[in-house]
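Only a predicted model underlies this, so the values are computations on that prediction, with no experimental measurement involved.
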Amino acid sequence: KLLRPMLASPKTDENLRTGLLISLIRTKKGDAASIVADLPKFPKHNANNLKLLLLAKNGVKLSSQQMVDLGLLVRGGGGMPEALRLQAAWIYLKRTGQAQRALVKVLEG
């Protein structure tokens, strides 16, 4: 109840918004995606990228454009930290049916 208004407010400091979104990505409790699912676009791209990762991580159905955007995050677009980019990559592989093939390649060396 408290997070949605803070995330949606244009007055919210971007560092605070980023921190809240990263915390939601990392949480293992509740339905974190429902907190941001229907919020409008944020003023900064970084927050929108984190929102996309949060939605993808929590199994929300993504549009074809969101899948393209997720692929861009994997390739380094959006300037996400490596740990979050790695999460995005794994989610992208799973969502596109490439996870098994990627695991085989990794295990083969």
Side-chain angles (χ1 to χ4, degrees):
K1 292 179 182 182
L2 298 174
L3 291 180
R4 284 180 56 82
M6 289 175 69
L7 287 166
S9 174
K11 295 179 182 178
T12 299
D13 178 76
E14 282 305 313
N15 290 326
L16 175 59
R17 183 177 286 119
T18 297
L20 291 172
L21 289 166
I22 290 172
S23 296
L24 288 169
I25 289 168
R26 291 181 177 163
T27 190
K28 295 182 185 342
K29 294 183 180 181
D31 182 14
S34 68
I35 295 171
V36 300
D38 61 347
L39 291 179
K41 282 197 166 213
F42 297 120
K44 300 287 183 177
H45 290 295
N46 186 47
N48 289 306
N49 293 338
L50 292 169
K51 176 183 173 183
L52 175 59
L53 178 57
L54 175 61
L55 295 174
K57 181 181 179 198
N58 285 276
V60 173
K61 182 163 175 49
L62 301 179
S63 70
S64 57
Q65 183 58 55
Q66 286 174 312
M67 285 301 295
V68 169
D69 293 344
L70 186 60
L72 290 172
L73 292 180
V74 170
R75 292 189 298 277
M80 291 185 110
E82 289 298 313
L84 294 176
R85 214 172 124 207
L86 182 59
Q87 281 187 40
W90 182 246
I91 293 165
Y92 183 82
L93 289 171
K94 286 175 31 179
R95 293 267 182 131
T96 59
Q98 300 177 70
Q100 186 67 33
R101 193 170 74 216
L103 280 174
V104 169
K105 282 201 175 244
V106 168
L107 294 175
E108 287 176 348

Given 3.5 Å as the limit, does a donor-acceptor pair link the side chain of [X] with the main chain of [Y], or not?
{"X": "Asp13", "Y": "Asn15", "result": "yes"}
{"X": "Lys51", "Y": "Leu39", "result": "yes"}
{"X": "Gln66", "Y": "Ser63", "result": "yes"}
{"X": "Ser9", "Y": "Pro5", "result": "no"}
{"X": "Thr18", "Y": "Glu14", "result": "yes"}

Give a yes or no on whether [X] and [Y] share a hydrophobic cluster (residues Ile, Leu, Val, Met, Phe, Trp, Tyr; joining criterion: side-chain heavy atoms under 4.5 Å apart).
{"X": "Ile22", "Y": "Leu16", "answer": "yes"}
{"X": "Leu72", "Y": "Leu54", "answer": "no"}
{"X": "Ile91", "Y": "Leu103", "answer": "no"}

Arg85: salt bridge (Lys or Arg N to Asp or Glu O under 4.0 Å) partners, not counting sequence neighbours: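 Applying salt bridge (Lys or Arg N to Asp or Glu O under 4.0 Å) to Arg85 gives Glu82.
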Those residues that, when tested against Arg4, pass salt bridge (Lys or Arg N to Asp or Glu O under 4.0 Å) (two or more places apart):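 Salt bridge (Lys or Arg N to Asp or Glu O under 4.0 Å) list for Arg4, sorted by chain: Asp38.
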CG (Leu2) with more than 12 external heavy atoms under 6.0 Å: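 No - once you tally the heavy atoms of other residues, nucleotides and ligands closer than 6.0 Å, there are 12 at most.
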Which atom names give the shortest non-hydrogen contact between [X] and [Y], and what distance separates them?
{"X": "Ala88", "Y": "Leu70", "value": "CB-CD1, 4.0 Å"}
{"X": "Leu62", "Y": "Ala56", "value": "CD1-CB, 3.7 Å"}
{"X": "Val60", "Y": "Ala33", "value": "CG2-CB, 3.7 Å"}
{"X": "Gly78", "Y": "Asn46", "value": "O-OD1, 4.3 Å"}
{"X": "Ala102", "Y": "Leu93", "value": "CB-CD1, 3.7 Å"}
{"X": "Leu21", "Y": "Ala47", "value": "CD1-O, 3.5 Å"}

Pairwise distance [atom1]([X]) to [atom2]([Y]) - rounded to 0.5 angstrom:
{"X": "Arg26", "Y": "Gln87", "atom1": "CZ", "atom2": "CD", "result": "8.0 Å"}
{"X": "Met6", "Y": "Leu20", "atom1": "CE", "atom2": "CG", "result": "5.0 Å"}
{"X": "Leu50", "Y": "Leu7", "atom1": "CG", "atom2": "CG", "result": "10.5 Å"}
{"X": "Leu52", "Y": "Met67", "atom1": "CG", "atom2": "CE", "result": "9.0 Å"}
{"X": "Arg17", "Y": "Leu3", "atom1": "CZ", "atom2": "CG", "result": "12.0 Å"}
{"X": "Phe42", "Y": "Asn49", "atom1": "CZ", "atom2": "CG", "result": "11.0 Å"}

Residues in side chain to side chain contact (heavy atoms under 4.5 Å, CB included) contact with Ala37, at least two apart in sequence or another chain: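 In terms of side chain to side chain contact (heavy atoms under 4.5 Å, CB included), with neighbours along the sequence ignored, Ala37 is linked to Leu55.
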